[in-house]
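The analysis underlying the following values was restricted to heavy atoms, covering all of them including side chains, and did not include hydrogens, waters or symmetry mates.
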Amino acid sequence: MTREAEQPVLHHTNTLWQKETMNDWAPIAKEYDPLKAGSIDGTDEEPHDRAIWRAMLARYVPNKGVTGDPHLTLFVARLNLQTTEEKLKEVFSRYGDIRKIRLVRDLVTGFSKGYAFIEYKEERALLKAHRDANRLVIDQHEIFVDFELERTLKGWIPRRLGGGFGGKKESGQLRFGGRDRPFRKPINLPNMKNDFYGEGSAEKRNWSREGTRDWRTRDRDHERSRDKRWPERERSWAWGESERERDSKEERSRGRERKDRDRKDRDRDRSRERDTKKQREDDKHR
């Protein structure tokens, strides 16, 4: 086959591959893959840190001692260690009737580990809490709310084994595909003379805001089976701010914290100086 004949075949194959990839792409993982979770757009072919290797080799079995309906359970993290079950019930009962709250505690000390699981009686309440309670401030802590994934997401590997979602930039072990850090849509190559590299048109490349609204607002059917609940959850997962906006807020928050610390240090130093001066004056009068 000549080079001229090969290019149309390669072009057609590449176009079909691109269409299939874009059709399958979603910002939220429907099945947990440690290799993909370690990639900002889910396209990595090799692990870039040892934790991903550890997650790929892990054989994790969900805790069989956990009871309740996983499809009606929320995961609530980043809690103040002083937050109690009563406080969680007070906040989350506004979204609907709660069946059970489980605040995870250390087996030895009994202290809170900073996360909990809340099971609702109805899916409507679950979805409302998932949508509205994320990033609420409880006891001076901004919380994170997501669906329970241990028993609902196929292939789930927890953070302690190198998996999970989210993470901090400082750790160098970010995990994508979850609500906290959804996948970014893969970037296609720039436009050339032809579509050999599958760049497509700008209209196809861009995941438009209009398309996002259509994806979020599909008809809700609360009588569907558990296998058909993912579209509903994807809408709620995708709701939120872009990663750039989130990072900007984190930077501003850290800046405010540094200013607060500096101000407190200055006040403390002034207080010490006043105490020292007063002590010297008292010593002179004695």
Side-chain angles (χ1 to χ4, degrees), residues 29 31-34 37-38 47 49-123 125-126 129-130 133-181 226 233 237 257:
E31 181 175 333
Y32 193 81
D33 183 335
D49 65 54
R50 293 183 179 179
I52 295 178
W53 276 113
R54 190 166 72 251
M56 293 172 65
L57 297 174
R59 295 292 179 267
Y60 179 71
V61 178
N63 185 355
K64 295 182 179 179
V66 176
T67 59
D69 187 345
H71 295 281
L72 292 176
T73 303
L74 286 180
F75 169 68
V76 183
R78 302 173 190 168
L79 293 170
N80 188 319
L81 299 184
Q82 305 303 318
T83 299
T84 63
E85 288 91 341
E86 290 73 20
K87 182 65 175 181
L88 290 174
K89 184 175 182 180
E90 176 188 341
V91 173
F92 282 87
S93 60
R94 71 181 66 166
Y95 304 109
D97 294 333
I98 295 175
R99 178 173 286 125
K100 183 173 60 176
I101 294 179
R102 180 166 63 93
L103 180 62
V104 179
R105 298 179 179 275
D106 186 276
L107 293 176
V108 178
T109 65
F111 295 149
S112 167
K113 287 189 174 183
Y115 64 96
F117 295 90
I118 300 176
E119 182 185 356
Y120 281 96
K121 294 182 179 180
E122 296 180 348
E123 188 179 29
L126 174 90
H130 182 269
N134 189 43
R135 305 180 76 86
L136 274 181
V137 176
I138 301 178
D139 294 335
Q140 293 78 50
H141 276 226
E142 185 177 84
I143 66 171
F144 172 72
V145 178
D146 200 355
F147 297 118
E148 180 191 337
L149 299 177
E150 181 180 16
R151 295 180 291 168
T152 59
L153 187 62
K154 184 179 179 182
W156 174 252
I157 301 294
R159 189 72 182 181
R160 68 176 183 274
L161 298 179
F165 286 130
K168 296 182 179 180
K169 288 185 177 181
E170 294 81 0
S171 70
Q173 295 183 5
L174 297 179
R175 297 293 181 266
F176 300 89
R179 185 181 198 186
D180 195 25
R181 294 187 181 275
R226 291 181 179 180
R233 296 190 168 196
W237 255 321
E257 290 176 359

Regarding T84 and K89, do their side chains bring together a donor and an acceptor under 3.5 Å, going by distance alone? no
Does the E119 side chain pair with the main chain of D69, one donor and one acceptor, at a distance under 3.5 Å? yes
With a 4.5 Å cut-off on side-chain heavy atoms, are Q173 and K168 touching? no
Rounded at 0.5 Å granularity, tell me how far CZ in R59 sits from CD1 in I157. 8.0 Å
Is the closest side-chain heavy-atom distance between P158 and Y60 below 4.5 Å? yes
Kindly indicate, with the supporting measurements, whether the criterion side chain to side chain donor-acceptor pair (under 3.5 Å) is fulfilled by K100 and T73. CA-CA 9 Å; K100 183 173 60 176; T73 303; over 6 Å; no
Closest approach of W53 and P47, non-hydrogen atoms and distance? CE2-CG, 3.2 Å
Beyond-backbone contact of E90 with L88, side-chain heavy atoms, under 4.5 angstrom: no
Keeping the roles fixed (side chain from D106, backbone from F111), state whether a donor-acceptor pair exists under 3.5 Å. no
Do side-chain atoms of R179 reach the backbone of H130 as a donor and acceptor pair under 3.5 angstrom? yes
Could you tell me which non-hydrogen atom of A37 sits nearest to which non-hydrogen atom of G164, and how far apart they are? CB-O, 4.5 Å
Could you walk me through whether K121 and I98 satisfy the side chain to side chain contact (heavy atoms under 4.5 Å, CB included) test, starting with their C-alpha distance in whole Å, then the side-chain angles of each, then the deciding distance to 0.1 Å, before giving a yes or no? CA-CA 6 Å; K121 294 182 179 180; I98 295 175; over 6 Å; no
Would you indicate whether E122, at its atom CD, is surrounded by more than 12 heavy atoms from other residues, nucleotides or ligands within a distance under 6.0 Å? no
For R175 and G162, indicate whether the former's side chain and the latter's backbone hold a donor-acceptor pair under 3.5 Å. yes
Does F165 have its ring centroid less than 6.0 Å away from the ring centroid of Y32? yes
Flag the pair F144 / L136 as yes when at least one side-chain heavy-atom distance between them is below 4.5 Å, and no otherwise. no
So, for G38 and F176, which heavy atoms are closest and what is the spacing to 0.1 Å? C-CD1, 4.4 Å
Please find out if less than 6.0 Å separates the ring center of F147 from that of F75. no
Backbone N or O of L79 within a donor-acceptor pair of the T83 side chain at under 3.5 Å? no
Okay, side chain of E150, backbone of N63: is any donor-acceptor separation there less than 3.5 Å? yes
Tell me, do V66 and F117 make a side-chain contact under 4.5 Å, heavy atoms counted? no
Pairwise side-chain contact, L74 with E148, heavy-atom cut-off 4.5 Å (strictly under): no
Here the gap from L57 atom CG to I52 atom CD1, rounded to the nearest 0.5 Å, amounts to 12.0 Å
Please name the pair of heavy atoms, one in G167 and one in D180, separated by the smallest distance, quoted to 0.1 Å. N-OD2, 4.4 Å
If you compare all heavy atoms of A29 against all heavy atoms of L153, which two are closest, and at what distance to 0.1 Å? O-CD1, 3.7 Å
Flag the pair E86 / V91 as yes when at least one side-chain heavy-atom distance between them is below 4.5 Å, and no otherwise. no
Rounding to 0.5 Å, atoms OH (Y120) and CG (D97) come to a distance of 9.5 Å
Evaluate R105 against E85 for salt bridge (charged side-chain N to carboxylate O under 4.0 Å, His left out), listing each step before the verdict. CA-CA 11 Å; R105 298 179 179 275; E85 288 91 341; 3.1 Å; yes
Check: L72 and E123 side chains under 4.5 Å, non-hydrogen atoms: yes
Under the side chain to side chain donor-acceptor pair (under 3.5 Å) test, which residues partner S112, sequence neighbours left out? none
Could you grab the distance from atom CD1 of I118 to atom CG of L126, nearest 0.5 Å is fine? 10.5 Å
